[in-house]
Amino acid sequence: HVRRAFNYCFDYETYIKDVQLGEGVRSLAVTLPGQPGYDNSPIYNFDLAKCEEELKASTWQSEDGKSLWDVGLYMQIGYNAGNTGRQAIAEILAANLQQVNSKFLVNPVALPWPLFLRTRNQFGMFTSGWIEDIHDPHNWYVPFLSATGTYSFRAKMPKDLTDKYAPYIADGVKETDLAKRGVIYGELNKIVHE
């Protein structure tokens, strides 16, 4: 629920309009437009009411039994100093979570690049970037969704999630028919969205 809430609390259109000066395109999936499985992938839209609903639905509780909604949270979002795009991501999310519930305190933290690289896995969340090495969906799914992926490992993605994604990643890379790959990756995108 908290992950869904964060997705609903991010104002994608403001980011594209104000930070990317209208030059960005809203992504539908982990992969790029035109790659198998990308089209018709479900997305989250900016919706503070749904953000609040998901935060209230969280089953996380304090030791004395209070809900996450009642207790709130504090977390830091790390980014590399000087990267205004990544800074904006952290600030937009922080402002919107605070608007939904003043007990949700998110502190964007700018660090010099070498220090950011050494400490990013210590943050509750960090903003970073990725450029593909090979123009293929596999080059996106492995780093972000597999148990050994660069970002999923650093983000400490739960084993039950990486185990859930693994068969789709394996089947997708083995399949040579683009239409069949599209079906496999389309299903994976639906599971990732959920």
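When reading the values below, keep in mind they use all heavy atoms of this one structure, side chains included, and skip hydrogens, waters and symmetry mates. Quick note: residue numbers are just sequence positions, from 1.
Linking ILVMFWY side-chain heavy atoms closer than 4.5 Å, directly or via other members, places Ile184 and Val30 in a single hydrophobic cluster. Placement of Ile77 and Phe126 in two distinct hydrophobic clusters is found when ILVMFWY residues are connected by side-chain heavy-atom separations under 4.5 Å, directly or transitively. In the hydrophobic cluster analysis, where Ile, Leu, Val, Met, Phe, Trp and Tyr join through side-chain heavy atoms closer than 4.5 angstrom, Leu188 is grouped together with Leu32.
Using cut-offs of 30° and 60° for the angle between ring planes, the Tyr15 and Phe10 rings count as tilted.
The heavy-atom pair separating Glu194 from Tyr44 by the smallest distance is O-OH, 4.2 Å. Nearest heavy atoms, Pro158 versus Arg3: CD-NH2, 3.8 Å. Of all the heavy atoms in Val106 and Ala94, the pair that sits closest is O-CB, 3.5 Å. Taking each heavy atom of Tyr38 and Leu28 in turn, the nearest pair found is OH-N, 2.9 Å. The shortest heavy-atom contact between Thr162 and Leu145 is CG2-O, 3.5 Å.
Panel note: side chain Lys103, backbone Asp70; a donor-acceptor pair is recorded below 3.5 Å. In this structure, Asn101 contributes its side chain and Trp69 its backbone to a donor-acceptor pair below 3.5 Å.
At a threshold of 4.0 Å, the pair Glu53-Lys50 does not count as salt-bridged, since none of the basic side-chain nitrogens sits closer than that to a carboxylate oxygen.
If you take OH on Tyr165 and CZ on Phe144, they are separated by 13.0 Å, rounding to the nearest 0.5 Å. In this structure, the separation between OG on Ser27 and CD1 on Ile43 is 9.0 Å, given to the nearest 0.5 Å.
For the 3.5 Å distance criterion, the side chains of Tyr185 and Arg181 qualify, holding a donor opposite an acceptor. With hydrogens and angles left out, the side-chain atoms of Tyr168 and Asn189 include no donor and acceptor closer than 3.5 Å.
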